[in-house]
Amino acid sequence: MEEHKENCPQAALNEALLPPPAAPACLPGKQQCRNKDQETNGKNLTCSLSDFSDPVYKEIAITNGCINRMTRDELRSKLAEFKLETRGVKDVLKKRLKNYYKKQKLMQKEPTNGDSYYDYICVVDFEATCEEGNPPEFIHEIIEFPVVLLNTHTMEIEDTFQQYVKPEINPKLSAFCISLTGITQDIVDKADTFPQVLQNVIEWMRQRELGTKYSYCMLTDGSWDMSKFLNIQCRISRIKYPSFAKRWINIRKSYGNFYKVPRNQTKLTIMLEKLGMNYDGRPHSGLDDSKNIARIAIRMLQDGCELRVNERMHAGQLMTVSSSVPLEGAPVPQMPRYRN
């Protein structure tokens, strides 16, 4: 529209960005992470193409144009007014402010249902046996099983689980693996084998009433944790792939789609940097990696992203899940049967 090209006076922008008195208090947004053409369709804000004739969408579009022309300092100042996070690169700040304004306007149109999203997200980042260069024939075995429990209502890490795992095929760790992960030979020698650790994980999840009282979903940094490491480990341990881990959120995909950045900018350290955060802990510690991934997930939820399942395992193969699939929590964690 032509008015997008006109200068946006600061006074007018201030008025546009101030939430009207009747608007509900700003809660952490939960817009869906969609492709560009689907970006405005939140789960509870679903609308047909004809609905976009509503003046509210013109207001949002005009304000987005104003936000696009703001400097980083202006963006930070406006975010501070609304008591929003001010850290991050300019594109992140713009996305945060746009989502805040859009959510305020659309909540007036159709209030969101706060009970529709997962109660918890379980962040998992395995560490596995490895060798320098990782030869194609090398079989990776899980040696650390961490879980970070993220409460989506409080936006805080509520609990953690961590156990080391004794490898069976290659019981002796390489010097490269020890140096990379910080996991020593003595640690894995004293650890339980994978089936016992998986049983302990499941019991830990059940004690927290995941899948019964509370809905939840798994989340990983990339596809490999579930589609490769867990898949291979279950075959090694001669157990079926666990049903609760068959669908998950790949946060790299979610981050790239939400902030509109290429895939090569979705590595853990880069995502943290772009969001204005530093890595906490020891890199390649499974638990520390999981905690940092959870910090990214929290920031994305606060910025208005509804993290959704986007990958799954089917017949042993990795598949993409469409963003149009209804939101559904993972099943009650159960120990899988042993293979024949």
Side-chain angles (χ1 to χ4, degrees), residues 1-45 47 51-112 155 254-262 265-266 270-277 296 298-307 323:
M1 285 183 256
E2 282 302 315
E3 54 257 61
H4 291 187
K5 300 176 184 178
E6 297 173 3
N7 292 329
C8 186
Q10 188 62 35
L13 178 60
N14 288 342
E15 184 178 352
L17 291 176
L18 284 173
C26 181
L27 299 173
K30 291 185 173 65
Q31 290 294 110
Q32 294 182 19
C33 294
R34 299 289 189 93
N35 293 328
K36 186 174 182 179
D37 291 337
Q38 300 171 301
E39 189 177 8
T40 55
N41 295 347
K43 183 176 188 300
N44 294 296
L45 305 172
C47 46
D51 290 333
F52 285 97
S53 61
D54 191 299
V56 69
Y57 294 103
K58 183 175 181 181
E59 291 179 36
I60 291 171
I62 292 171
T63 303
N64 285 349
C66 294
I67 292 172
N68 284 336
R69 291 188 288 277
M70 294 173 73
T71 66
R72 188 168 184 269
D73 286 342
E74 288 171 336
L75 290 165
R76 293 183 65 194
S77 175
K78 186 56 63 177
L79 288 165
E81 281 185 38
F82 299 139
K83 295 180 171 55
L84 300 175
E85 178 59 59
T86 60
R87 289 178 294 175
V89 296
K90 186 176 180 181
D91 285 345
V92 166
L93 301 182
K94 286 196 294 186
K95 182 74 172 182
R96 187 172 299 149
L97 189 54
K98 287 177 182 179
N99 268 25
Y100 171 77
Y101 178 73
K102 178 172 67 177
K103 182 170 181 287
Q104 290 295 320
K105 297 302 291 184
L106 294 181
M107 281 177 68
Q108 297 171 70
K109 186 173 172 62
E110 185 176 346
T112 57
M155 298 288 182
S254 301
Y255 180 96
N257 290 337
F258 186 66
Y259 294 115
K260 303 296 183 291
V261 298
Q265 291 184 23
T266 60
I270 296 176
M271 288 190 289
L272 286 167
E273 178 188 348
K274 297 295 185 183
L275 292 172
M277 298 186 285
I296 293 170
I298 290 169
R299 182 62 55 79
M300 291 180 68
L301 290 169
Q302 291 171 337
D303 281 355
C305 176
E306 184 181 82
L307 293 164
S323 60

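Between Leu275 and the choices Val92, Ile270, Ile298, the side chain to side chain contact (heavy atoms under 4.5 Å, CB included) rule is met once, by Val92.
In this structure, Thr63 contributes its side chain and Glu59 its backbone to a donor-acceptor pair below 3.5 Å. Although no hydrogens or angles enter the test, the distance criterion places no donor-acceptor pair under 3.5 Å between the side chain of Lys83 and the main chain of Ala80. For Arg96 (side chain) and Gln302 (main-chain N/O), no donor-acceptor pair under 3.5 Å exists by modelled atom type.
Interatomic distance, Arg299 CZ to Tyr255 OH, rounded to the nearest 0.5 Å: 10.5 Å. A distance of 9.0 Å separates CZ of Arg76 from CD of Glu85, quoted to the nearest 0.5 Å. In this structure, CD on Glu74 lies 11.5 Å from CD1 on Ile67, to the nearest 0.5 angstrom. Rounding to the nearest 0.5 Å places CE of Met300 at 5.0 Å from CG of Leu307. Distance NZ/Lys274 to CG/Asp91: 8.5 Å, rounded to 0.5 Å.
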Requested in this report: Dump the intermediate steps for side-chain contact (heavy atoms from CB on, under 4.5 Å) on Leu97 and Phe82, then the final yes or no.
Outcome: CA-CA 9 Å; Leu97 189 54; Phe82 299 139; 4.0 Å; yes
Report task. Go through the steps to decide whether Leu75 and Lys90 satisfy the test side-chain contact (heavy atoms from CB on, under 4.5 Å), and finish with yes or no. Result -> CA-CA 8 Å; Leu75 290 165; Lys90 186 176 180 181; 3.8 Å; yes
Query - side-chain contact (heavy atoms from CB on, under 4.5 Å) between Asn99 and Phe258, worked out - result: CA-CA 11 Å; Asn99 268 25; Phe258 186 66; 3.1 Å; yes
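When all heavy atoms of Asp303 and Tyr259 are compared, the pair lying nearest together is OD2-OH, 2.7 Å. The minimum heavy-atom distance between Lys78 and Met70, with the atom names listed, is CB-CE, 4.0 Å. The minimum heavy-atom distance between Leu93 and Arg72, with the atom names listed, is CD1-CG, 3.8 Å.
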